[in-house]
Amino acid sequence: MSRQNWEVVIGLEIHAQLNTASKIFSGASTAFGAEANAQASAVDIALPGVLPVLNKGAVERAIRFGLAIDAEVAKKSVFARKNYFYPDLPKGYQISQFELPVVVGGQVTVRVGEGEAAYDKTIRLTRAHLEEDAGKSLHEDFHGMSGIDLNRAGTPLLEIVSEPDMRSSAEAVAYARALHTLVRWIDICDGNMQEGSFRCDANVSVRRPGEPLGTRREIKNLNSFRFLQQAIDYEIQWQIDTIEDGGKIQQATVLFDPDTGETRMMRSKEDAHDYRYFPDPDLLPLVISEDWIARTRAAMPELPAAMRTRFEADWGLSAYDAVTLTASRDTAAFFEAAVAAAGAALAKPCANWIMGELAARLNKAERDITDSPVSPAQLAALVGRIADGTISNNAGKKVFDALWNEPDSAVDTIIEAQGLKQMNDSGALDAIVDEVLAANPKSVEEFRAGKEKALNALVGQVMKASRGKANPTQVNEVLRRKLGA
Amino acid sequence: MIEASLKDLAAALRAGTLSSVELTTRCLERIEALNPALNAFITVDRDGALAAARAADARIAAGDAGPLTGIPLAHKDVFCTEGVRTTCASKMLADFVSPYDAHVVSQLKAAGAVMIGKTNMDEYAMGSSNENSHFGPARNPWDATRVPGGSSGGSAVAVASGMVPMATGTDTGGSVRQPAALTGVTGIKPTYGVVSRYGMIAYASSLDQGGAFARSAEDCALLLTAMAGFDPRDSTSVEREAEDYSRSIGQPLAGLRIGLPTEFFAEGMDADVRAAIDAALEQYRQLGATTVEVSLPNAKLAIPAYYVIAPAEASSNLSRFDGVRYGHRAAEYTDLADMYGKSRAEGFGAEVKRRILVGTYVLSHGYYDAYYLQAQKLRRLIAEDFGRAFTQCDVIAGPTSPTVAWPIGEKSNDPVQMYLQDIYTIAVNLAGLPGLSMPCGTGAGDLPVGLQLIGNYFDEARLLNVAHGFQQVTDWHRRTPAVG
């Protein structure tokens with residue numbers, strides 16, 4: 001079955017775990033990986049008589065997010081109880097926000113695809129609300145029983161709900177990646193997907209263009225961008241096939257199985273809970289003052305979207321380069337420091353070195369850019385020496401190697417020590433060129449006969465004879481002059 | 001000694017004519033003698049009490065005593081007490097021992113009060129007669145065949161029968177004031193947010209408020225002063241300066257304007273109760289107060305509003321009692337749902353189940369707007385009624401309960417009749433106002449009648465003084481039942 005004549009509609013709900021030191025309603029630590037239940041306080045265990053107290057740090061982070069997506073930060077929002085029974089939900093209800101969330105509206109513009117086909121897409125957000133996470137049920141190791149670990153219970157989450165604005169898995173992934181970048185950028189979430197700090201639920205439906213929205217199915221708990229893409233693509237095809245085979249889509253919650261690459265039904269609409277939401281009487285409405293918002297706004301870093309625009313406008317970077325260099329705040333900071341040292345005119349070569357050699361080396365070494373042995377100042381010095389013709393690009397790679405291995409060394413010292421300076425003395429170069437022309441009459445003849453490639457062979461010979469120190473551009477010029485071309 | 005005021009007891013303790021160990025021992029003896037018949041206590045912590053009394057005596061000797069140091073106290077079994085079981089009068093928590101103290105408990109410990117034990121109550125504070133207890137009904141010391149009121153029945157009985165000079169309670173719809181009225185003691189429920197709810201097992205969070213029982217308003221003021229105060233662990237605790245609730249005691253009542261709600265005096269009150277209330281109001285006029293008729297037109301809607309809001313909150317608050325982490329778990333079950341079902345069916349009594357069912361229903365999809373939101377609107381209207389009334393008067397007075405104590409079993413099969421017992425008290429909780437009940441006379445069978453005084457927000461000190469003024473010129477609060 002084809003996908004032609006079908007429009008795909010996708011909305012995402014993303015749960016970002018907020019990086020507060022303590023939980024949203026108790027003083028217990030949120031650190032990952034502690035012994036089971038070692039970080040469950042009386043409040044987290046829901047002992048009789050305990051009460052929740054809101055962590056202001058979680059609110060602060062929600063405000064930051066609201067400002068980052070140009071949303072309305074609600075002056076008053078309300079915590080509500082979502083009631084259901086489950087062993088890893090100690091109170092028998094989850095404290096969340098329902099009718100009045102802390103963040104309303106907002107939007108993000110994302111770059112979808114690569115190369116010529118890439119385009120910008122603006123995705124609207126419906127809301128973002130604060131809530132607490134549940135604990136974990138452990139079904140292994142207990143011989144027919146289940147264990148309960150409440151360390152995660154009460155961990156603060158920001159649930160970020162988009163409008164159904166995405167039309168392909170590529171757009172959904174681009175949006176999820178943009179939010180993943182953003183939450184780390186504004187330092188509200190560590191973004192660790194393996195540990196579940198950033199999880200996606202995807203609502204997917206299909207329709208024929210112009211028709212009303214189709215029935216959606218929700219794919220739960222996707223914890224990698226690859227799974228997000230696979231699950232949506234599988235689900236789209238499954239829904240189209242089902243409808244084209246004469247079936248109907250039933251509203252349902254489904255799970256993605258990474259082993260089979262398929263989605264399977266978890267529960268149908270009929271099995272859906274009635275959560276009996278009502279305002280939590282243990283918590284007062286959350287009131288956020290203009291002053292709090294203003295203080296938070298003043299402390300906000302420049303956002304990736306603004307930075308991208310600036311990189312393109314001020315330094316002439318391509319959209320692709322700008323997106324790549326703003327993939328994280330650390331990368332952007334490295335780039336900006338390098339440009340500051342090298343000068344704006346060298347922004348593009350700085351970008352190339354960071355996205356090329358540096359990224360490759362960091363990746364291979366599994367190091368973060370904040371641990372880079374090569375500093376922005378060193379990289380700027382290196383780029384400067386290539387630009388002023390002191391060394392060739394190839395020699396630059398040798399310098400980079402040396403900087404990587406001996407982090408405290410200076411670029412000029414390395415160039416000197418390794419003798420990497422280009423031969424800029426035209427007299428010496430003339431002599432070498434003359435020698436090479438004399439020794440390679442065949443190539444000279446071929447070039448004169450119109451074979452352009454023969455020149456490359458001669459350039460290579462000159463470079464070899466100069467032990468790489470000659471400037472290839474200059475060699476080209478001298479050769480052409482001497483050959484009368 | 002049973003009649004002694006807290007002030008006199010503190011003076012005797014400081015003078016050395018009485019030790020806390022002696023006083024505590026006498027309380028323990030009285031409990032031993034009377035509790036089998038009255039069932040006021042679920043748990044008596046004899047060893048803990050004597051240890052606390054010895055520590056108090058040392059403090060007194062060291063000159064480090066406060067007004068409550070060394071004085072025995074009972075806590076309603078809804079307050080969590082570290083190391084002493086906290087049952088909420090439920091099979092669900094029959095063996096539950098809290099690892100921490102409620103805020104009220106730790107405040108009173110710090111004040112040096114001697115915790116004697118935990119008092120009987122309606123299960124999870126749901127009831128008006130103390131008949132809904134897993135540990136059997138508490139009985140009225142004026143007539144042991146009658147109820148003492150509820151839900152804080154045990155605390156009221158313990159004070160009325162002289163087992164302890166003071167006790168804590170909680171009041172969600174009248175659970176301090178109504179048993180105070182039915183047993184002839186003084187009880188106060190402060191403004192919502194004055195006493196921290198931390199460690200007080202929740203029934204209906206937006207209505208629950210800790211309160212104090214004692215033999216007089218002056219004693220209640222001392223106990224409330226020790227219980228109250230801002231607690232950052234309770235987000236609904238009101239952040240204001242600590243208050244001395246005794247500060248107005250002794251001020252003259254001349255010029256006091258007492259509001260009498262038309263609706264409270266129109267119908268429903270038994271004639272004997274009416275007579276006692278009228279006589280008390282006459283007494284106030286003699287003290288120089290004036291009475292003015294006020295109207296609370298929406299007060300009649302308090303009971304329906306309450307029986308939507310309180311069960312709704314309770315249905316959610318009691319979800320944590322699921323047999324997973326603590327509390328009763330069924331011995332045998334087939335799967336998770338069966339474990340939940342059986343554990344809760346076995347652990348909760350009939351009234352608790354009734355309220356969980358009602359609460360679940362009113363919060364359900366499609367009913368929420370019609371019930372819960374409507375009830376919240378009524379709540380606002382009721383609060384506005386009081387606001388208007390307080391522009392015409394300083395305090396509001398009326399009956400606490402429409403009847404005197406009734407025979408055990410009489411209303412226990414008719415929930416609506418039982419709910420109507422709280423007709424005069426519930427509106428106060430919905431509005432979050434402070435309310436007090438004190439004995440003001442007797443009705444049929446020589447049973448106590450309580451006068452309810454309702455104050456404006458944070459007007460506890462005045463309320464207590466208004467009661468004190470009455471108690472200075474009457475002896476109703478000194479009457480002691482012939483028990484033991």
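Every chain is numbered from 1 and lettered A, B, ... according to where its sequence line falls, protein lines coming before strand lines.
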Subject >> Contact winner vs chain B - A:Ser26, A:Pro48, A:Pro281, heavy-atom pairs under 4.5 Å >> reply: A:Pro48

**OP:** Let me know if B:Tyr367 has heavy atoms under 4.5 Å from chain A in its side chain, its backbone, both or neither.
**Re:** neither

Original post:
Is there a donor-acceptor contact under 3.5 Å from the side chain of B:Arg233 to the main chain of A:Leu51?
Top reply: no

**OP:** Could you have a look at A:Leu89, A:Ile148, A:Leu47, A:Val43 and say which one has the most heavy-atom pairs with chain B under 4.5 angstrom?
**Re:** A:Leu47

Original post:
Between B:Arg344, B:Met339, B:Gln376, which has the largest tally of heavy atom pairs under 4.5 Å with chain A?
Top reply: B:Arg344

**OP:** Considering non-hydrogen atoms only, spot the tightest contact between A:Arg276 and B:Ser315 and give its length.
**Re:** NH1-OG, 4.5 Å

Original post:
Step by step, would you call B:Leu336 with A:Phe85 a side-chain contact (heavy atoms from CB on, under 4.5 Å)?
Top reply: CA-CA 10 Å; B:Leu336 180 63; A:Phe85 283 96; over 6 Å; no

Original post:
Relative to chain A, which segment of B:Pro232 carries a heavy atom at a distance below 4.5 Å: side chain, backbone, both, or neither?
Top reply: backbone

**OP:** Measure B:Ala312 against the heavy atoms of chain A and call it side chain, backbone, both or neither at under 4.5 Å.
**Re:** backbone

**OP:** Check each atom of B:Ser98 against the heavy atoms of chain A and say whether the ones under 4.5 Å are side chain, backbone, both or neither.
**Re:** neither

Original post:
Which one, A:Ser146, A:Ala42, A:Gly92, A:Ala46, leads in non-hydrogen pairs under 4.5 Å with chain B?
Top reply: A:Ala46

Subject >> Crowding at OH, B:Tyr371 (>12 non-hydrogen neighbours, <6.0 Å) >> reply: no

Original post:
Run the side-chain contact (heavy atoms from CB on, under 4.5 Å) check on B:Thr236 and A:Asp282 step by step: do they pass?
Top reply: CA-CA 7 Å; B:Thr236 62; A:Asp282 287 333; 5.7 Å; no

Original post:
Which heavy atom in A:Pro52 sits nearest to a heavy atom in B:Ser235, and how many Å separate them?
Top reply: O-OG, 3.0 Å

Original post:
So what's closer than 4.5 Å to chain A heavy atoms on B:Ser196: side chain, backbone, both or neither?
Top reply: neither

Subject >> More than 12 heavy atoms of other groups within 6.0 Å of B:His365 NE2 >> reply: no

Subject >> Heavy-atom contact with chain A under 4.5 Å, split by part of B:Tyr368 >> reply: side chain

Subject >> Segment of A:Tyr277 engaging chain B (4.5 angstrom heavy-atom cut-off) >> reply: backbone

**OP:** With the side chain counted from C-beta on, respond yes when B:Arg320 and A:Pro90 share a heavy-atom pair under 4.5 Å apart, and no when they do not.
**Re:** no

Original post:
Any donor-acceptor pair under 3.5 Å linking the side chain of B:Ser319 with the backbone of A:Tyr93?
Top reply: no

Original post:
Would A:Phe278 and B:Tyr372 count as a close aromatic pair, with their ring centres under 6.0 Å?
Top reply: yes

**OP:** Give a yes or no on this: more than 12 heavy atoms of other residues, nucleotides or ligands lie within 6.0 Å of atom NZ of A:Lys56.
**Re:** no

**OP:** Please look at B:Phe79 and chain A and tell me whether the side chain, the backbone, both or neither of the residue comes under 4.5 angstrom of a heavy atom of that chain.
**Re:** neither

**OP:** Look at A:Ile45, A:Asp280, A:Leu54 and state which one has the largest set of heavy-atom pairs under 4.5 Å with chain B.
**Re:** A:Ile45

Original post:
Side chains of B:Asn317 and A:Arg81: do they bring a donor and an acceptor to under 3.5 Å?
Top reply: yes

